[in-house]
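No experiment lies behind these values; they were computed from the predicted model shown. We number each residue from 1, following the sequence as shown. All values below were derived from every heavy atom in this structure, side-chain atoms included, with hydrogens, water molecules and symmetry-related copies excluded.
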Amino acid sequence: RAAVSRGGSEGPFPSAATPGGSRVLGGGGGRTAAFPAPSPLCHRLIPGGTPEPGRVGPPAGSASSTAPPKAAQTGLWSISSLTMFPPSPPSPHRSKAEMRHTCRGTINLATANITVEDSCNFIISNGGAQTYHLKASSEVERQRWVTALELAKAKAVKMLEESDDSGDESVSQTDKTELQNTLRTLSSKVEDLSTCNDLIAKHGTALQRSLSELETLRLPAESTEKIKQVNERATLFRITSNAMINACRDFLMLAQTHSKKWQKSLQHERDQRIRLEETLEQLAKQHNHLERAFRGATVLPASAPGTGGSAKDPCCPAKGDLSDEDDDNEFFDAPEIITMPESMGHKRTGSNISGTSSDISLDEQYKHQVEDTKKEKRTRIPYKPNYSLNLWSIMKNCIGKELSKIPMPVNFNEPLSMLQRLTEDLEYHELLDRAAKCESSLEQLCYVAAFTVSSYSTTVFRTSKPFNPLLGETFELDRLEENGYRSLCEQVSHHPPAAAHHADSKHGWTLRQEIKITSKFRGKYLSIMPLGTIHCVFHSSGNHYTWKKVTTTVHNIIVGKLWIDQSGEIEIVNHKTGDKCNLKFVPYSYFSRDVARKVTGEVTDPTGKVHFVLLGTWDEKMDCYKVTLGSGDNGAEGRQRAHEAEDSRVLLWKRNPLPKYAENMYYFSELALTLNAPESGTAPTDSRRRPDQRLMENGRWDEANAEKQRLEEKQRLSRKRREAEAARATEDGTPYDPYKPLWFERKKDPVTQELAHVYKGGYWESKEKQDWTLCPDIF
């Protein structure tokens with residue numbers, strides 16, 4: 001039961017929260033309240049409203065609030081509940097002034113005055129504007145209240161005094177030891193300064209005494225004047241040294257006073273970071289559960305249970321099954337090894353999966369494998385070891401950072417370099433061969449668009465990261481006899497990483513590109529943004545097409561099964577005719593019933609008129625519909641009828657099925673399986689000769705990690721040597737040639753006006769002569 005009056009008014013105060021009926025107690029100039037006694041174990045008084053550490057005050061909505069209730073307009077207010085809570089330690093980020101003025105109408109118990117008026121009444125005041133006149137039901141009850149408030153006040157005062165020293169309790173033992181050692185060192189240095197000061201004072205006094213004795217001697221006037229000047233300077237020197245010692249002593253005192261606060265703030269930030277990491281991981285798990293629950297409730301299965309997707313491709317799951325998992329704590333676990341018949345070959349034996357003895361050197365292995373691959377292209381590689389990997393343990397420190405500058409173990413890689421991944425764009429080169437035969441530039445543009453989409457089909461299950469190429473690393477793919485084209489890639493820059501690619505075909509087309517890969521970790525997903533323009537030129541017609549790549553996103557970095565999505569728009573432009581094709585890669589959404597990985601597009605002439613509509617998915621196929629507009633038809637209706645007309649539908653491209661047991665071989669396609677196969681006659685800088693990549697492919701991951709560190713350190717030393725040579729050349733004023741790629745040169749493109757690395761020739765001639773004297777030693 002509680003009631004309060006202000007200004008001496010009396011009368012009943014109705015309150016639904018006040019059981020048993022309340023009565024108003026008269027009082028003189030302050031506020032008066034009657035309430036039950038508190039528990040003696042409580043430490044601070046909170047009259048209703050929101051509890052505040054170490055304070056007493058009116059409840060929310062009382063007469064002291066900004067918008068008082070109707071009863072307060074008559075000078076009355078009610079305390080529905082008057083409770084005391086144990087005090088909590090003050091926040092390290094709140095000042096004492098903020099603690100005093102957190103809530104209007106409160107009284108800080110640490111500075112409160114508690115006085116007894118009579119047998120039942122007592123007063124709590126802060127010595128200023130806030131005063132509470134309180135009345136208990138009996139003298140015993142009043143005494144219990146006063147005792148509890150005095151105990152709470154004593155505790156609040158103690159907390160206030162110890163707040164600056166409380167940081168030591170949350171500081172680790174290592175930090176405290178380091179802090180004590182630092183303070184001990186500072187103290188010893190100040191003691192040394194004090195000793196020096198004493199010696200200076202002693203010798204200074206002796207010097208002044210000697211000078212005074214000289215003054216008493218009978219010397220010429222000039223000598224006396226000089227002695228006085230020396231005496232004054234000695235006095236100034238002693239005063240200055242004393243001031244220096246005092247300043248050092250003050251610095252030590254300040255260091256001792258504030259170091260605990262700094263250490264406390266630092267520890268608080270560390271705790272906050274740990275809590276944020278735990279919260280982020282928990283949110284990711286909850287998000288994953290919600291996604292799975294939503295799919296289970298709304299998405300119908302795309303195939304019968306147990307089929308796992310398309311009957312033609314056992315490695316391709318159903319469209320809606322993008323991030324299912326059996327274990328909530330699964331972190332990028334490699335798929336289990338599927339036992340193959342012995343006749344299939346490549347059976348694992350211990351830690352060596354390559355089928356050759358571990359005593360044989362890499363060079364000897366390379367020679368043996370070259371002899372095998374001369375006969376036929378390989379169709380399988382050693383299976384990926386079944387290691388359980390915690391990707392989050394590494395990635396949690398990379399949020400918002402550029403991942404190309406962060407060294408990663410080979411455990412998260414696939415045994416291909418980024419140069420080889422670029423070469424995989426040519427897997428469906430026959431699309432460009434067919435485009436070269438087209439007489440219509442609009443039809444040709446349809447095949448170029450299909451080729452653009454097909455380059456992403458190899459990424460659908462490829463969640464592993466390719467090796468970052470070393471500066472000067474190259475990769476060639478000579479398929480001139482089999483497929484009519486040959487390709488060359490070179491790493492032309494290391495920071496930022498950039499690779500130049502050039503491919504020629506005897507079927508009448510040239511493809512070139514320079515791609516800079518930038519990637520950012522956003523917490524739950526990883527964004528990979530390729531920067532650069534791709535050029536495709538057809539020799540007979542002179543049509544010159546350009547386009548850029550879309551953003552690749554790797555989802556479920558923290559928890560769940562990794563899956564990849566492509567999103568964004570691509571504009572393919574024919575710079576000769578002005579024709580354009582706009583492709584839209586629709587990002588996957590759990591809340592959309594549309595087909596996953598959808599791609600749509602339109603082929604338009606220079607006037608903007610639509611001639612073809614493209615529809616499909618970037619992981620499966622692309623279709624083309626010819627738009628025929630009748631009289632009075634607008635573009636939307638015409639396109640709709642084109643979709644309905646099956647006879648106008650043309651299949652531009654369809655993905656090749658993955659090889660058997662591809663899930664155990666990094667989901668490599670048939671082309672990808674052959675890219676790292678050793679070949680004779682390649683340059684010494686070719687990616688096939690990279691030792692850490694070869695060791696990783698053979699399953700020797702520990703050795704691969706050690707070799708990767710050696711190569712990165714070698715590259716780091718080469719960069720430092722080039723920087724030192726450039727610095728010396730700048731100091732001497734001599735000319736210095738910066739690093740230049742061996743097979744590419746930087747030029748301004750006449751079409752896009754961009755600076756890009758273009759193939760300057762010479763590689764295939766050097767290969768024919770087997771003259772690699774210009775190649776650097778990077779491995």
Measure from NZ or CZ of Lys549 to the centre of the six-membered ring of Tyr456 and say whether it is under 6.0 Å with the direction within 45° of the ring axis. yes

Under the rule for side chain to side chain donor-acceptor pair (under 3.5 Å), what residues qualify as partners of Thr458, not counting sequence neighbours? none

Which side-chain N or O atoms in residues 531-539 pair as donor and acceptor under 3.5 Å with protein atoms at least two apart or in another chain?
unit_1 : atom_1 : unit_2 : atom_2 : d
Thr533 : OG1    : Lys548 : NZ     : 2.8
Thr533 : OG1    : Glu754 : OE1    : 2.9
Thr533 : OG1    : Glu754 : OE2    : 3.4
His535 : ND1    : His544 : NE2    : 2.9
His539 : NE2    : Thr510 : OG1    : 2.8

Taking the inter-plane angle between the rings of Trp547 and Phe451 on a 0 to 90° scale, is it parallel (under 30°), tilted (30 to 60°) or perpendicular (over 60°)? perpendicular

Return the [atom1] to [atom2] distance between [X] and [Y], rounded to the nearest 0.5 Å.
X      : Y      : atom1 : atom2 : answer
Leu774 : Ser766 : CG    : OG    : 6.5 Å
Leu755 : Arg746 : CG    : CZ    : 4.5 Å
Thr379 : Phe668 : OG1   : CZ    : 14.0 Å
Phe461 : Ser669 : CZ    : OG    : 12.5 Å

Which residues share a salt bridge (Lys or Arg N to Asp or Glu O under 4.0 Å) with Glu424, sequence neighbours left out: Arg421, Arg462

Do Thr685 and Glu473 have side-chain N/O donor and acceptor atoms under 3.5 Å apart? no

Please check this pair: side chain of Thr423 against backbone of Leu419, looking for a donor-acceptor N/O pair closer than 3.5 Å. yes

Lys/Arg N to Asp/Glu carboxylate O, Arg688 vs Glu679, below 4.0 Å: yes

